[in-house]
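Note that these values count all heavy atoms, side chains included, but never hydrogens, waters or copies made by symmetry. Per chain, numbering begins at 1; letters A, B, ... match sequence-line order.
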2 protein chains.
Amino acid sequence: MSQKNITIRDVARRAGVSVGTASRAMNSAPGVMAKTREAVREAAKELGYQPNAAARALRSRSSRLIGCLFSDLENPLFARLFNSLQDRWAEEGFVTLLSGTSGKVERERRTLETFAERGLDAIVVAPGHERDPELLRMLEAFEGPVFVLDRDLPIEADRLLFDHEAALRDAVDYLVGLGHRRILPVFSHGQARPGVLRHKAFDAALADLGASAPIKIEPATPNSPVFQEVTEVLSGGDRPTAMIVQGTQVLSSTLNALAHLRLSFPDDISLIAIGDSALTVDHVPPITALRMDRDALVDVVANRILDRIRNPAICDRIAPTLRYELVVRASCGARGDAG
Amino acid sequence: MSQKNITIRDVARRAGVSVGTASRAMNSAPGVMAKTREAVREAAKELGYQPNAAARALRSRSSRLIGCLFSDLENPLFARLFNSLQDRWAEEGFVTLLSGTSGKVERERRTLETFAERGLDAIVVAPGHERDPELLRMLEAFEGPVFVLDRDLPIEADRLLFDHEAALRDAVDYLVGLGHRRILPVFSHGQARPGVLRHKAFDAALADLGASAPIKIEPATPNSPVFQEVTEVLSGGDRPTAMIVQGTQVLSSTLNALAHLRLSFPDDISLIAIGDSALTVDHVPPITALRMDRDALVDVVANRILDRIRNPAICDRIAPTLRYELVVRASCGARGDAG
DNA sequence: CTGAAAGCGCTAACAT
DNA sequence: ATGTTAGCGCTTTCAG
């Protein structure tokens, strides 16, 4: 607090070199003799030197900050994604900023403004709004790579898309193969890509069978409780024989409703969860779920951002699609009759 | 990307003032005529001026960054706390950094190092390790206010403590008042303050009754599943009539076990949750829980940090204790016999 | 109340 | 391979 800060000048003096050399040594830049570099590092350690991030950022025009804007932090996939990205980027000397917006467009705008002011080197975004003109403008004005995560944002950017349609079709096909016909969807629709595509694919898969879902439960958000809705539907006549349920709070209130009705799976009803988590894995019996390969996800995002930061000249765009895997566990059973 | 950045020089020129005046105007510093200030702001807006955070940080020696180091992000209390703090501090122009360490001391050290290098203006910490010498050294060396959240760190700092002892006593008293004697604790012990105090208080409360808990379940972490343990204990003879269960994953696997054993509360067993969340509130029936007043928590932390940043001369330390409130819902029932 | 100028600590360009 | 130096954009004295 009181003592003068140690600057690179001090380190250079102590190591008996110039500041330029000291800087190069500390940054592992080429063109420094191994011996010199060691001497500088040694001096730095002895003095307890800590580089000043602001000065470096000012001069090098790189904040070494990467931002994440996610609409839904309660989605464990995104929470874990942040964790992994943070780890990965920390290895490379970057600090990761996180902003959860709960889908509020106002907060999304504010976040983007902050990201711009702070001169972030790159951002990865999964906003709740895909068409807000102001948001799109800010995204396009952002100086630096933008990575879009599973959103249909009409901007030029790298992106990674989840194949919700294949996922839902896999789930429906699996259930149909087991003899199910009355399948209850319990996942939110919303305005963004995931919900839209899931419902579209679900409807299409059913239409292919010449069927349709007479009843749907569409939670307002992925974290809305649906105890009451599920209870009502499952108490009525012509009860569905299977359900496809979104993870997290929707799933946990569904399980609660099932327990209440003394309905158990796979005997009384079959269940597939969208998204894999402790809730599905550790449940007894374990729940069949659509799983996203988080490691693959992290690799794509983390590396692409790093590549772009290092080589701003890259002008191609990537847009790979990641498939969910249907992890079959014990929550679905065969249905002999044409239930 | 291509166009030259707009600096405060450009703004000053356009407004017909000097850079000094422009800076003062933009920062609402005293000693600028209202008219001049407006002119500058107008010019800034017209040009789309965005101040450069790095330059400002370098010159003013303040990064306007505040960091949070939490051992457990899966604890919804901390996740929400971060959200609220971020919001509150954003209003004042600060950006909040988050690091979840999962209790790994190595990550905690690395985080603190990053926080120091980046010149954060303040930090709030709840590490998993309270005695790691290296960590303590770094904490003491940190230049700027440190706020300790519910940890017994032997350092000079502002802190906020949760009254786990009163909370557990309240819970036990409530259950005892309902006639319960055999109470099963299901919460982790760990090395940090919360677990230690909870177990201490639980044991003491039982000792006061001349009793003791013959069986305990101590999850390895607050997020460990305990289905098996709970199932075993509740299947045995002399089954407990009540349980006190830690929130999150521990709670959800406990509920799962209960459903499996066809045990329902409050009839077959009574249950109190430590920590309030969607899981307790939305459950049917709703679960009696120990609730922490998050708003009070946020106010204390956010404001104290802000005060200290603004007035580094403050030399007193605060260390208030926040009580949990026992929110009585429908998960506990009376026990006529001396169960 | 405003202008001029110094300089925060660092990296990068240029010189040797 | 290393030294020298300019200057990133801003805030903050110090003059006026």
Side-chain angles (χ1 to χ4, degrees), chain A residues 3-41 43-44 47-65 93 116-119 121 143 309-310 312, chain B residues 3-41 43-44 47-65 93 116-121 143 309-310:
Chain A
Q3 151 201 352
K4 189 176 150 279
N5 265 320
I6 292 124
T7 77
I8 201 166
R9 280 200 125 70
D10 303 318
V11 175
R13 190 175 319 125
R14 171 143 193 155
V17 299
S18 70
V19 287
T21 303
S23 171
R24 285 182 285 255
M26 293 305 292
N27 294 298
S28 314
V32 182
M33 284 203 319
K35 195 167 191 171
T36 315
R37 193 177 55 228
E38 285 321 307
V40 171
R41 300 233 166 132
L47 293 170
Y49 168 68
Q50 278 192 323
N52 179 314
R56 171 184 298 189
L58 177 58
R59 179 63 236 234
S60 66
R61 312 190 142 281
S62 158
S63 61
R64 301 193 78 77
L65 248 33
E117 275 188 23
R118 293 272 165 174
D121 288 350
E143 301 200 22
I309 289 177
R310 280 168 189 156
Chain B
Q3 153 199 346
K4 188 177 150 284
N5 264 320
I6 292 123
T7 77
I8 201 164
R9 279 199 125 71
D10 304 319
V11 175
R13 190 176 317 125
R14 172 140 191 159
V17 298
S18 70
V19 286
T21 301
S23 170
R24 283 183 286 257
M26 293 305 293
N27 294 298
S28 314
V32 183
M33 285 204 318
K35 195 168 192 169
T36 314
R37 192 177 54 228
E38 284 321 307
V40 171
R41 300 235 166 130
L47 293 170
Y49 168 67
Q50 278 192 327
N52 179 314
R56 174 183 297 192
L58 178 58
R59 182 62 237 230
S60 67
R61 313 192 141 281
S62 157
S63 61
R64 301 194 76 79
L65 248 33
E117 276 189 23
R118 292 273 165 174
L120 299 219
D121 288 350
E143 302 202 21
I309 289 177
R310 278 166 191 158

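Residue A:A57 comes nearest to A:S63 through the heavy atom pair CB-CA, 3.9 Å, listed as atom of the first residue, atom of the second, then distance.
At a cut-off of 3.5 Å, with distance as the only test, no side-chain donor of A:S23 or A:R56 sits close to an acceptor on the other residue. Side-chain polar atoms of A:S28 and A:R41 form a donor-acceptor pair below 3.5 angstrom.
Rounded to 10°, the angle separating the first-five-pair axis and the last-five-pair axis of the helix from C:dC1-D:dG16 to C:dT16-D:dA1 equals 30°.
In this structure, CZ on B:R61 lies 7.5 Å from CG on A:N52, to the nearest 0.5 angstrom. Atom CZ of A:R59 sits about 12.0 Å away from atom CG of B:L58, to the nearest 0.5 Å. Taking CG of A:L47 as the reference point, atom CD1 of A:I6 lies at 6.0 Å (rounded to 0.5 Å). Here OG of A:S60 is found 8.0 Å from CG of A:D121. Values are rounded to the nearest 0.5 Å. Residue A:T36 holds its OG1 atom at 10.5 Å from CZ of A:R24, rounded to the nearest 0.5 Å. For the atom pair B:T21 OG1 and B:R37 CZ, the distance stands at 12.5 Å (nearest 0.5 Å).
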Letter per nucleotide, 5' to 3', of nucleotides 8-16 of chain D [B base touched, S only sugar-phosphate touched, - untouched; heavy atoms, 4.0 Å]: BBBBBB---

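A nucleotide of DNA chain C counts as in contact with chain B when one of its atoms lies under 4.0 Å from a heavy atom; the first and last such, 5' to 3', are C:dC1 to C:dG9.
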Could you walk me through whether A:R14 and A:V11 satisfy the side chain to side chain contact (heavy atoms under 4.5 Å, CB included) test, starting with their C-alpha distance in whole Å, then the side-chain angles of each, then the deciding distance to 0.1 Å, before giving a yes or no? CA-CA 5 Å; A:R14 171 143 193 155; A:V11 175; 5.9 Å; no

